[in-house]
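Data block below; observations after.
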Amino acid sequence: MSARRPLIVVANRLPVSQGDDGWTASAGGLVTALRPVMDEVGGAWIGWDDNANSVPTRVDGLGCDLHAVKLSRAVVRGYYHGFANRTLWPLFHDLLARPVIDRDLWDSYLTANEAFAEVTAKVAADTDPAPTIWVQDYHLLLLPGMLRDRLPDARIGFFLHIPFPPPELIARLPWRDQLLSGMLAADSVGFHTSRFRDNFLRSVARVKPDVQIDGDVLTMPDGRQVRAVAHPISIDAAGFAELARSEQTEAELADLRTQFQGRHVFLGVDRLDYTKGIRHRLDSIEQLLDRRPDLRGRFTFVQIAVPSRDDVKEYRQLRTQVETEVGRINGLFTEPGQDVPVHYLFRAVPREALAAYYRLADVMCVTPLKDGMNLVAKEFVTVQAATDGDGVLLLSEFCGAEIEFGNDPVRCNPFDVEGTSLLMESALHLDLADRRARIQRLGAVVREQDVYRWVTDQLDAAEQGPEGS
Ligand code: GDG
């Protein structure tokens, strides 16, 4: 890694949580990946404090200062539950829900981004030598622009963790010009895949004809240049491999193997979000059990559904729909005295239990209708590859991960419920040696492009700007 400037990360949330033992660093991938960089160059993390009372400025194991952005409850409702999660999220995920177009939500989004800009500009001004500011995700699309107004010479990188949609969809937003201008104020704008980057370039061409585009370099009317890059996010592959083989994971796995003895285990692990395709997946499972009565009693589908955004109506409705479907399938296919075919866990499980489920699964169902990347797919293949597993990855064509993984997963179109159901069945009959070889190749892809590489690529792009192209 080249010598770096101090780093200021700006994200919707701070990477800490408060438990019985006080404040601790979150175990998220971004935090893990940034730790070595922060330890080396120092820096700060700026984020909304989730209305907590007193977030400390330092937390053990996190090599950076924490700076909280304060937002009123009304602004959080409009900006986070509203514009971010009811306007941008569905629009950027191909209209899987109807985006709300509401000027009050937009006003809150402006107010929140201004609040982030105030704190960030102050922290940046107090940082010596001049820092790189790295802005994360769709909550903060306007922030690079607001920072550029305050700090014209700042080095700013931006990364979008969700898909960037085609121009036809961006064009539906009354604020398309402001949102694109906000992003274009960064020195580099990053996406998971070249498809999302190309959607961004085509959107700029449509909405902002005075911007010149030459390959991945965009030139603003005032001559300033921006680079659009594609760098797939990943996981701490070595860390997951170690977790997979840990004593605690082994102990969890032994319990699960006893519990699910004699059964084919299919697994889904997702935030409970309509983009993840959980309802379509359940329909495919239902068709499989309907078509193959011999599997009943010899098959379990475990769905871990992590509670998410329950302040948003569409998410509450989804929970009801999923729970109704689980009940219906179990009602149809459970024999008296037998275990149910669908195990539904509405909660996050500890990391070791998650790794044990990844090891247990015969077929991992990663079937989102649309997903920026999907880290679950990368975690599953890493855990399986590290333990000489023979699990099969059933992977949607509509997530970022499918581009890197090529033909080694069983690729599916989750909208085609029957086709996916048939692929689920065929996954059970794949040759064992073939399954092992596929998992090993997939594991190697993730080891090669791990999250440390992603951080390095992103920071190089932000620090070098268009000169790096
Ligand atoms: C967004 C984009 C993009 C899940 N269940 C448990 C648990 N998890 C962890 C997984 C994984 C993470 O949550 C989920 O990450 P994903 O990438 O699958 O999905 P999103 O939350 O939608 O993330 C996505 C990502 O940003 C990064 O850019 O890939 O496309 O939508 O790490 O392990 N963790 C624990 N227990 C659980 O039960 N401990």
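Each ligand, and each atom within it, is numbered from 1 in the order the structure gives.
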query: Name the residues with a heavy atom less than 4.0 Å from ligand 1?
result: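 Residues within 4.0 Å of ligand 1: Trp89, His161, His192, Ile233, Val269, Arg271, Lys276, Ile304, Val306, Ala348, Val349, Arg351, Leu354, Asp371, Gly372, Met373, Asn374, Leu375, Val376, Glu379.
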query: Does a side-chain N-to-carboxylate-O contact under 4.0 Å join Glu242 and Arg351?
result: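 Looking at Glu242 and Arg351, the cut-off is not met.
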message: Taking side-chain hydrogen bond (donor to acceptor under 3.5 Å, both in side chains) as the definition, give me every residue that meets it alongside Arg206, ordered by chain and number, with sequence neighbours left out.
response: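 Here no residue qualifies.
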task: For residues 133-142, pull every pair meeting salt bridge (Lys or Arg N to Asp or Glu O under 4.0 Å), keeping only residues two or more places apart or in separate chains.
output: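 For residues 133-142: none.
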message: Please list all pairs meeting salt bridge (Lys or Arg N to Asp or Glu O under 4.0 Å) that have one or both residues in residues 353-377, counting only residues at least two apart or in different chains.
response: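 Qualifying pairs: Asp94-Lys370, Glu250-Arg359, Lys276-Asp371.
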Mutual orientation of the aromatic rings belonging to Phe266 and Phe299 [parallel < 30°, tilted 30-60°, perpendicular > 60°]: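 The arrangement is tilted - the two ring planes meet at 30° to 60°.
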Worked check of side chain to side chain contact (heavy atoms under 4.5 Å, CB included) between Ile278 and Gln303: CA-CA 9 Å; Ile278 300 171; Gln303 175 66 54; 4.0 Å; yes
